[in-house]
Amino acid sequence: MSAPRTIPADVLTSISANSRWQRFPLIFGVVGVVCLAAAFGLSASTVERFHFSYLVAYMYGLSLALGALFFVIVQFLTKAGWSVVVRRVAENMMGTLPLFAILFVPVAIGLHHTHHHWWHLVPGKDPILDAKAPYLNPTFFFARAILYLVIWTLLSQAFLRRSVAQDQSGNPEETRRQQWMAPPALGLYALTVTFAAVDWMKSLDPHWFSTIWGVYYFAGSVVALFAMLSLLVLWLQRDGFIRKIVNQEHYHDLGKLLFGFVIFWSYIAFSQYFLIWYANLPEETIWYAHRSHGGWESMGLMLVIGHFAIPFFFLLPRAMKRNPVTLAAGAGWLLWVHYLDLYYLIMPVHSTGGPQPSIVDLLTLFGVVACFLAAFAFLAKRSALVPVKDPRLAESLAFENL
Amino acid sequence: MVAQAHPEPLDRRVPLVDPPATIQQITESVAAPMEWKAPLGWWLFLAGSLSCLGIWLGSVGYLFWTGTGVWGVNNPVGWGFDIVNFVWWVGIGHAGTLISAVLFLFRQKWRTSINRFSEAMTLFAVVCALSFPTIHIGRAWLLYWVMPIPNQMAVWPNFRSPLLWDVFAVSVYGSVSALFWFVGLIPDLATMRDRATKKWQQLFYGVLALGWRSSHRHWQHYEVAYLLLAGLATPLVLSVHSVVSFDFAVSQIPGWHTTIFPPYFVAGAIFSGFGMVMTLMIIARSIFKLEHLVTRHHIENMAKVTLLTGSLVGYAYAMEFFVAWYSGNPYERFTFINRMFGPYWWAYWSMIFCNVVVPQALWFQSVRRNLGVLFVISILVNVGMWFERYVIVLTLARDTLPSSWGSYSPTIFDFSTYLGTFGIFFTFFTLFVRFLPMVAIAEVKAVLPEANPHHDDGHHAAHGGH
């Protein structure tokens, strides 16, 4: 039996007029704004709390879009064939990056709360902060933030625009152009993501430093990407779209990559923890010391189990990755523990005594994710759900794991 | 054969090997070096390698007789050439495992033309690497003490020492790589057995082929074993050099203790390994007339991996440097300034030049397709990676206490031992190219267009290709 080499006529490759996906941009947009407004309203007396919760949620939503940008770049870098049928979903995830420039505004407003250690620097008081002042100061911070957001917007739109244009023209030059852009794009991506992670998360503990920090955020983002991509593909299929053409062969590959990056995240997280623990230098262990009492230590242990051990054994068997139900379960679980991972990185700066989960956390998370889904649905209904004239579409349709 | 004038097609994959490669011709061209009467050049190369091996034996013999004082190591630079060379050789091995295991899992079928060769390189490099810790312990005849062998004195090795983890990491890596290599060899050894005309060949290949008959059942078991070994070897690609990086990174020495060391060392290892594969392959494919199996595409792909891993190494240098400044820690900052402008500035800038500046040429396709330039770059990559380890180790010369500063200069025995390991490496290699198939015959046949059983519409899209 041989898989089709063209998309069968009965496969829906774009959002139909009567689908609920037509209303998703509005529904999720309203939900997102209401959740964020409610979170802000509920924390009116402790606005600092809102800004910390929002920062976690923002970094979470951003990781989905940045992970997708990485995925798309790498597909062109490696001239991948298998992934064409799922690439548009990732491209639409990546296409939400301009939204994160807007969603950055609350982060920017709250910086004097979240990053207060160095935001109002009094020279002469803290020699370490004085030494970092040329980098950690509001002006340069904003200049960099704008640079990152502009670069991500330009990169994502450059790839998305060409891919969508090819749906009409079928011009293979669009693919060649994207292949040409991919290597320098990856370099820009690596540097911007690293320094954004340093600026927005590491500098919350401004005395502390770790050279692997950028890779850590990147690793978590890619886990989140493969989890979210799998879920969105399965969701679209459940609602009747892109059925058959995305099949268990593609689930299997998404599952393998998800599994692989779970291990990569664990490797990076272990490298950071282990080297700091072993050398036992106070200036470095302080970061883990803040995270080893009052309940944070349980959360750290939970990450070891929940972000490594459970998904490792769960996703290891071949059948788990090829079955949409188990793949979705693994992906959903990882999306949740990825949130806890970011919570563990950011929140102890605020809740120094121990985790203080709050409805504000959930509302900001729902708010940012709903905004992300609104933008995703908006992009999804603007163009086909698969790159219908991609030159490697036939290869992707016929793809089989051997 | 020739570089394509027009861009490669997007809707199909170009064949991985060039004409005249056919199922019969592949066997013929790979078997030829084993069935020729050895040419004079081979004997000369073997003689040269054995001479280097003799230098190694002489150096090590003198070392054992006299003691580690014959080396340049001192206080504070307690580690010198021996650890530099150890890390360098282990790193070179990594490309082989990456090609054989990681690229297998990523379905990069172009690997089939180069995996055998690079895995052989891995094994020989690991042998060279292991020689250094063995002789560094001073009393090599007590080497078995590194193993946790029960004894009446209840003395155990220090399990908290990364040097001990090295013993396990590298020996597991060596064993799995050897096993993987051998499993891949079995079908080809059977081919050689069946072609053998001399008694010793029949015996040699016959015993090693383990009774392989190419039955359907054999191939099924083979494929499963190969996949499992690839899965097991993949974490080893990362773990070995991560553990090697722990030798430095678990310490408290500025410039050594930094959290990016594990992935940074792995990237550097793959970088240097691909450099070495290119150095050897560019020569070997020409001498043994394998240009149609190891095509310019293969070389170009290797150049791309070299560019990628070189960029990762450059990223790590940048992060180390930035965070040394960002830390605000005067010792961290001093270490990096000292590397650039201190007494070993020449080593630092050699490293930057070879590892960061030179690979930038690989952005250009004309460079990636120019074998001469590529050959020079591949050698510079390994020069650079040697200097990288030298720079890291020489951080010891100036620690946080200026009164204990010192310097390091290698002796003639440091150099001769290092040169001698090339003797070990090339002696093995010379024998390898003469007595074992240096391209995986069965695997390359499997990526020929005619090996694809899908007769749908003449495309061979799903079956790999460049």
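Below, chain A is the first sequence line, B the second, and so on; all start at residue 1.
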Closest approach of Trp325(B) to Pro134(A) (non-hydrogen atoms, all atoms of both residues): CZ2-CG, 4.0 Å
Picking from Lys202(A), Lys256(A), Arg176(A), which has the most non-hydrogen pairs under 4.5 angstrom with chain B? Arg176(A)
Here the pair of heavy atoms bringing Thr259(B) nearest to Thr211(A) is OG1-N, 3.0 Å
Could you tell me which portion of Asp253(A) (side chain, backbone, both or neither) has an atom closer than 4.5 angstrom to a non-hydrogen atom of chain B? side chain
What part of Tyr264(B) gets closer than 4.5 Å to chain A, counting heavy atoms only: side chain, backbone, both or neither? neither
For Ser327(B) and Ile128(A), work out which heavy atoms get closest and say how close. O-CG2, 4.0 Å
Non-hydrogen atoms of chain A under 4.5 Å away: do they reach the side chain of Arg160(B), the backbone, both or neither? both
Which bit of Leu238(B) is near chain A, if near means a heavy-atom gap under 4.5 Å: side chain, backbone, both or neither? both
Suppose we screen for salt bridge (Lys or Arg N to Asp or Glu O under 4.0 Å). Which residues come up paired with Glu283(A), at least two apart in sequence or across chains? none
Restricting to non-hydrogen atoms, name the atom on Leu10(B) and the atom on Gln179(A) that form the minimum distance, rounded to 0.1 Å. CD2-OE1, 3.8 Å
Please tell me if the side chains of Val323(B) and Trp213(A) come closer than 4.5 Å, counting only heavy atoms from C-beta onward. no
Whatever's closer than 4.5 Å to a heavy atom in chain B on Pro184(A) counts as both
Over all atoms of both residues, closest heavy-atom pair of Tyr326(B) and Trp208(A): CE2-O, 3.7 Å
Which atoms of Leu129(A) come close to chain B, meaning under 4.5 Å heavy atom to heavy atom: side chain ones, backbone ones, both, or neither? neither
Closest non-hydrogen contact found for Ala190(A) with Tyr315(B) is O-CE1, 4.1 Å
Chain B contact via Ser203(A) - side chain, backbone, both or neither, heavy atoms under 4.5 Å: both
Report yes if some heavy atom in the side chain of Phe106(B) is under 4.5 Å from a heavy atom in the side chain of Leu257(A); otherwise report no. yes
Measure the acute angle between the ring planes of Phe246(B) and Phe274(A), then classify it against the limits of 30° and 60° as parallel, tilted or perpendicular. tilted
